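Everything numeric in this text was worked out from a predicted model, so none of it was measured.
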Amino acid sequence: QVQLVESGGGLVQAGGSLRLSCKASGTIYGIRAMGWYHQSPGKQRELVATISRTGNTDYADSMKGRFTISRDNAKSTVYLQMNSLKPEDTAVYYCNADIMVGGTDYYTPYWGQGTQVTVSS
């Protein structure tokens, strides 16, 4: 059993900030890449940012300079610091992680339940 739980979403005004957290728990042998994705009603889930186990990061172009992804391997947790939020950032934000479950020899993608981020004008 592996579970990813996001937290930190909420309602903020344009220009504000939020910090999302996602913690993985369960019988975990290792975690490879982790990332954040978001999804609005009627649209496909889109990549926001990813981070490798060693800290290499990639961002969607619209997020560069505003969002920062980081991770704490000891805590099996990934974070997303969101600054200068815009109404178009409104979406459900999902945590993703490639996880090797204890007793296996392969990585499987896992997803959290999502946390709502709403940015008002």
Quiz item: Is Gln1 atom CD crowded by more than 12 heavy atoms from other residues, nucleotides or ligands, each under 6.0 Å away?
Solution: no
If we ignore hydrogens and angles and just use 3.5 Å, is the side chain of [X] paired with the main-chain N or O of [Y] as donor and acceptor?
X: Arg32; Y: Met100; result: no
X: Thr57; Y: Ser70; result: no
X: Thr27; Y: Val101; result: no

Rounded to the nearest 0.5 Å, how far does [atom2] of [Y] lie from [atom1] of [X]?
X: Glu88; Y: His38; atom1: CD; atom2: NE2; answer: 10.5 Å
X: Met82; Y: Met63; atom1: CE; atom2: CE; answer: 9.5 Å
X: Leu11; Y: Gln116; atom1: CG; atom2: CD; answer: 9.5 Å
X: Gln3; Y: Lys23; atom1: CD; atom2: NZ; answer: 11.5 Å
X: Arg71; Y: Ser21; atom1: CZ; atom2: OG; answer: 14.0 Å
X: Ser52; Y: Asp98; atom1: OG; atom2: CG; answer: 11.5 Å

Of all the heavy-atom pairs spanning [X] and [Y], show the shortest one and how long it is.
X: Leu85; Y: Leu18; result: CD1-N, 3.9 Å
X: Ile99; Y: Ala24; result: CD1-CB, 4.3 Å
X: Val48; Y: Phe67; result: CG1-CD2, 3.7 Å
X: Tyr110; Y: Leu4; result: O-CD1, 3.3 Å
X: Tyr94; Y: Gly112; result: CD2-O, 3.5 Å
X: Ser17; Y: Ser84; result: OG-N, 4.3 Å

So do [Y] and [X] actually touch side chain to side chain, heavy atoms under 4.5 Å?
X: Ser7; Y: Thr115; value: no
X: Tyr59; Y: Thr68; value: yes
X: Tyr79; Y: Ile51; value: no
X: Val2; Y: Ile28; value: yes
X: Leu20; Y: Glu6; value: no
X: Asp58; Y: Leu47; value: no
X: Val78; Y: Cys95; value: yes
X: Val92; Y: Tyr37; value: no

Quiz item: Does Arg66 have any side-chain hydrogen bond (donor to acceptor under 3.5 Å, both in side chains) partners at least two apart in sequence or in another chain, and if so, which?
Solution: Asp89
Quiz item: Do Met34 and Ile69 share a hydrophobic cluster, counting only Ile, Leu, Val, Met, Phe, Trp and Tyr and linking them when any side-chain heavy atoms are less than 4.5 Å apart?
Solution: yes
